[in-house]
Enquirer: 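Handing you a structure now.
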Protein chains: 2
Amino acid sequence: MENRTYHHGNLREALVDAGVALARAGGPSAVVLRAVSREAGVSHNAAYRHFADHQDLLAAVAARCMEQLGLLMVRRTAEVAEDDPVLRAWARLAAIGRAYVDFALTEHGWFRTAFSGATAHGAKHALTDPDAGRTDPYTLLAARLDELVTVGELPPERRPGAEYAAWSAVHGLADLLVDGPLRDLPAEEVAFAVETVLAAVARGL
Amino acid sequence: MENRTYHHGNLREALVDAGVALARAGGPSAVVLRAVSREAGVSHNAAYRHFADHQDLLAAVAARCMEQLGLLMVRRTAEVAEDDPVLRAWARLAAIGRAYVDFALTEHGWFRTAFSGATAHGAKHALTDPDAGRTDPYTLLAARLDELVTVGELPPERRPGAEYAAWSAVHGLADLLVDGPLRDLPAEEVAFAVETVLAAVARGL
DNA sequence: CGTGCATGTTGACAATGACAACATGCGGTG
DNA sequence: CACCGCATGTTGTCATTGTCAACATGCACG
């Protein structure tokens, strides 16, 4: 954390860290170039040596937020204790769905940041990062759907495009609850909505 | 359009109109107070006589964008030509779902603006507006679901919360396609995703 | 022991949201 | 009809932000 010398050492990481911290509390609009630099104990414009512009920095922060989402999904998947393969497959699918919504509700700022900006470009070097796909929400979902096929609960001819159905439903619910018209829903109604959507997804696959 | 006098006449409407025009092309971030004032042929700060702040103006513009979405849904619903009541009910549900996604894709800026900001406050005087609920997307969806119950296609015990399932799926798909990770999906894959999601929704209800 | 070039810094500029002080003129009052 | 209050617009100003340009520093390599 010390400003060892004139040169920071690994400013890029420090900037992203600061951005992630700001994003957590204030969402994407809080990831301000100058504020991030300030937080990193460095002068504004220093960031331009590591990021093309504000958008570029935001994309890097967004990637980290997305990773946080993925990590929670992984954790929740691991927590599923169910021996029967069929029930376990369904439980795991539900677990990542619940994780997705929970993340959106409890880590409001991170969730909104994760989906704000061009994540596509930042993911370019995902090929070099060995376990990048390990926490990618899309990949995690695909694994659950594959598992459902394996245990014989999802007809193989229904497998193509199944991600779209599951992901859309859960993501839409999260977005409506966090940012959208369902923002002020009372807590028990939120819980009801989540269960309803998850049940509908399971039936709809 | 003439600046009749020193006093504009109905500046509020003019400002919202300008905001809607800017939002159409550039999304919510294009709804800039000064740009809107400029567009309305009035000096910056004039808007402060009609809106508390930027957020307030944006909410008004968002309401109009939401109304545009509702209007497309109404139009598409009316276009459904199907005599059989059962098939008509399903066709109408699919029509508003498709309208939702089509709107998001073709009116990118409007869609993002409609869901950016606190629509809740702007909708407060919806009670005074006679046909405000007539174009409210949520109300339109509820009508379709009620129709499904009426024709006996949706068990009444499944009716509660059905909005969450249908709305979440379609909204999530729209958001992912427009702003999210599915942004750069090729056209035919987009079409496939839409059909897959709509089919899953129908099964999941 | 120098020196080049990546990395940080200082300074500047235009755009924006917001506030304060001032200008204008419509509508109601005498 | 003359007057004036108050809603409505305007001008001026300020802090913040993203971005560019010019300059400073010092690590790594010769």
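Per chain, numbering begins at 1; letters A, B, ... match sequence-line order.
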Enquirer: Between the side chains of A:R64 and A:E13, is the shortest nitrogen-to-carboxylate-oxygen separation below 4.0 Å, so that they form an ion pair?
Expert: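 Between A:R64 and A:E13 there is a salt bridge, with a charged N closer than 4.0 Å to a carboxylate O.
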Enquirer: Rounded to the nearest Å, what distance is computed from the NE2 atom of residue A:H54 to the C1' atom of nucleotide D:dC20?
Expert: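 A:H54 atom NE2 is separated from D:dC20 atom C1' by 17 Å.
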Enquirer: Quick one: are A:L177 and A:R183 in side-chain contact, heavy atoms under 4.5 Å?
Expert: no
Enquirer: What nucleotide among D:dT8, D:dG18, C:dT9 has an atom nearest to a side-chain atom of A:L33?
Expert: D:dG18
Enquirer: Assign each of B:L11 and A:V31 to its nearest nucleotide of DNA chain D by heavy atoms, then name whichever residue's nucleotide is nearer the 5' end.
Expert: B:L11
Enquirer: Nearest-nucleotide wise, let me know which of A:A35 and A:R49 is further upstream toward the 5' end of DNA chain D.
Expert: A:A35
Enquirer: Nearest whole angstrom, please: distance from the C1' of C:dC26 to the CG of B:N10.
Expert: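 Between C1' of C:dC26 and CG of B:N10: 16 Å.
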Enquirer: Starting the side chain at C-beta, find the nucleotide from C:dA18, D:dT17, D:dT10 nearest to B:D53.
Expert: C:dA18
Enquirer: Can you measure A:N45 atom CG to C:dA6 atom P for me and round it to whole angstrom units?
Expert: 18 Å
Enquirer: Whole Å only: how far is the CG atom of A:L15 from the C1' atom of C:dT7?
Expert: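 Rounded to the whole Å, the gap is 12 Å.
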Enquirer: Starting at atom CD of A:E39, determine the distance to atom P of D:dT17, rounded to an integer number of angstrom.
Expert: 12 Å
Enquirer: Using whole Å, what does the distance between atom P of nucleotide D:dT17 and atom CD of A:Q55 come to?
Expert: 17 Å
Enquirer: Among C:dT10, D:dG9, D:dT11, which nucleotide has an atom closest to any side-chain atom of B:H44?
Expert: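 So the nucleotide nearest the side chain must be D:dT11.
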Enquirer: Starting the side chain at C-beta, find the nucleotide from D:dA22, C:dT16, C:dA12 nearest to A:R34.
Expert: C:dA12
Enquirer: Hey, is the side chain of A:Y48 poking within less than 4.0 Å of OP1 or OP2 on D:dC20, counting only N and O atoms?
Expert: no
Enquirer: Look at the side chain of A:A46 and decide which nucleotide, out of D:dT10, D:dT19, C:dT9, has an atom nearest to it.
Expert: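 Given the options D:dT10, D:dT19, C:dT9, the side chain of A:A46 is closest to C:dT9.
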Enquirer: Taking atom types as modelled, find out whether A:Y164 and B:E195 have a side-chain donor-acceptor pair closer than 3.5 angstrom.
Expert: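 There is no such pair between these side chains.
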Enquirer: Taking CG from B:L22 and P from C:dT16, how many angstroms apart are they, rounded to a whole number?
Expert: 11 Å
Enquirer: Nearest to the side chain of B:H50 - C:dT9, D:dG9, C:dA18?
Expert: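 Looking only at heavy atoms from C-beta outward on B:H50, the closest nucleotide is D:dG9.
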Enquirer: Are OP1 or OP2 of D:dT17 and a side-chain N or O of A:R38 less than 4.0 angstrom apart?
Expert: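 Yes, such a contact exists.
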Enquirer: Can you check whether any acceptor in the base of C:dT7 is under 3.5 Å from a donor in the side chain of A:R12, or vice versa?
Expert: no
Enquirer: How many whole angstroms separate atom CG of B:L58 from atom P of C:dT16?
Expert: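 Computing the B:L58:CG to C:dT16:P distance gives 15 Å.
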Enquirer: Does A:L22 reach the side chain of A:V36, with side-chain heavy atoms less than 4.5 Å apart?
Expert: yes
Enquirer: Output yes when B:D146 and B:R159 qualify as a salt bridge under the 4.0 Å nitrogen-oxygen rule, no when they do not.
Expert: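 Yes.
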